[in-house]
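Naming: A, B, ... by sequence-line order, numbering from 1 per chain. Quick caveat: nothing in here was measured; it's all calculated off a predicted structure. Just so it is clear, the values below take in all heavy atoms, side chains as well, and ignore hydrogens, waters and symmetry mates.
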Amino acid sequence: MAYWLMKSEPDEVSIDDVLAAPEQTVAWFGVRNYQARNFMRDGMRVGDLALFYHSSCAEPGVAGIVEVCSAAYPDASQFDQASHYYDPKATLEQPRWISVDVRAVRKTALLSLKQLRTIPALADMRLLAKGSRLSVMPVDAHEWRTIEALLEK
DNA sequence: GCCAACGTTGGC
DNA sequence: GCCAACGTTGGC
């Protein structure tokens, strides 16, 4: 099993929104970066766990844990001309972008970016690297354990 | 709103 | 295939 971090703007989809959704499950759509897509397509498996990270907000940080609960499938929004995520170069025959479904495992007290930066064991975390912008990225097992221990406090 | 860092596009 | 220009992300 692999561990991930997935960024969401809480104004769009917050951890509370995931909890409020039917079966506490939402489609993770709108990824429009190839590296992030490839992680989802090639790395993610049903049952993988991910840190649910709130970005572009007053207090960015880890807000919960979600579980990947579907295989990758074409992201419907790429075909929707009315969508912000519409991609004119995507076709039904050759979709470019994918979604997975994620289910809320639990909401946590916010573990802020500021706090994460103070933890020596997380110094090499991809999220904390300068210029890191990926919306989906892997998390090392030891980083996961470190963060999970902090989330339980 | 600023801006650093990075990704993508397109002319050549 | 290079690389400048442009667009986006996301913290501050």
Rounded distance (Å) that lies between atom [atom2] of [N] and atom [atom1] of [X]:
X: A/Leu134; N: C/dT8; atom1: CG; atom2: C1'; answer: 13 Å
X: A/Phe39; N: B/dG7; atom1: CZ; atom2: C1'; answer: 15 Å
X: A/Lys7; N: C/dT8; atom1: NZ; atom2: P; answer: 17 Å
X: A/Asn33; N: C/dT9; atom1: CG; atom2: C1'; answer: 10 Å
X: A/Arg37; N: C/dT8; atom1: CZ; atom2: C1'; answer: 18 Å
X: A/Glu9; N: C/dT9; atom1: CD; atom2: P; answer: 8 Å
X: A/Arg117; N: C/dG10; atom1: CZ; atom2: C1'; answer: 11 Å
X: A/Leu116; N: C/dG10; atom1: CG; atom2: P; answer: 15 Å

(request) Pull out every residue in residues 118-130 of chain A that has a heavy atom closer than 4.0 Å to any atom of DNA chain B, ordered by number, or say none. (result)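 Close to the strand are A/Lys130.
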(request) Ignoring hydrogens and angles, tell me if any N or O in the side chain of A/Lys107 forms a donor-acceptor pair with the backbone of A/Ile15 under 3.5 Å. (result)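 Answer holds: no.
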(message) Strictly distance-based, threshold 3.5 Å: is any side-chain N or O of A/Asp48 a donor or acceptor partner for the main-chain N or O of A/Tyr3?
(response) no
(request) List in numerical order all residues of residues 55-65 of chain A for which some heavy atom is under 4.0 Å away from an atom belonging to DNA chain C. (result)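 Those residues are A/Ser55, A/Ser56, A/Pro60.
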(request) Counting heavy atoms from C-beta on, name the nucleotide in B/dG7, B/dT8, C/dG11 closest to the side chain of A/Tyr34. (result) B/dT8
(request) Report the nucleotide, chosen from B/dT9, C/dC12, B/dG7, that has the shortest atom-to-atom distance to any side-chain atom of A/Leu113. (result) C/dC12
(request) Determine whether any donor atom in the side chain of A/Arg32 lies under 3.5 Å from an acceptor atom in the base of C/dT8, or the reverse, and answer yes or no. (result)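 Side chain to base: no pair present.
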(request) First locate atom CE of A/Met44, then atom CD1 of A/Ile98, and finally report the distance between them rounded to the nearest 0.5 Å. (result)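 Going from the CE atom of A/Met44 to the CD1 atom of A/Ile98 covers 8.5 Å.
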(message) Tell me if the aromatic rings of A/Phe52 and A/Trp28 count as close, with their centers under 6.0 Å from one another.
(response)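 Close enough - the centres of the two rings lie under 6.0 Å apart.
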(request) Answer with yes or no after comparing the ring centroid distance for A/Tyr86 and A/Phe79 against a 6.0 Å cut-off, counting only values under it. (result)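 Centroid distance A/Tyr86-A/Phe79: not below 6.0 Å, so no.
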(message) Using a 6.0 Å cut-off, check whether atom CZ of A/Phe39 has over 12 heavy atoms from anything other than its own residue.
(response)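 For A/Phe39, atom CZ is crowded (more than 12 foreign heavy atoms under 6.0 Å).
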(request) Could you please spell out the steps behind the salt bridge (Lys or Arg N to Asp or Glu O under 4.0 Å) verdict for A/Asp87 and A/Arg32? (result) CA-CA 9 Å; A/Asp87 182 347; A/Arg32 293 294 180 271; 5.3 Å; no
(message) Under a plain distance cut-off of 3.5 Å, with no hydrogens placed, do A/Ser77 and A/Asp75 share a side-chain donor-acceptor pair?
(response)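 Side-chain D/A pair, A/Asp75 to A/Ser77: present.
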Under 3.5 Å, which donor-acceptor pairs link side chains of residues 117-131 of chain A to any protein atom two or more places apart or in another chain?
| residue | atom | partner | partner atom | Å |
| --- | --- | --- | --- | --- |
| A/Arg117 | NH1 | A/Leu128 | O | 3.3 |
| A/Thr118 | OG1 | A/Gln115 | O | 2.6 |

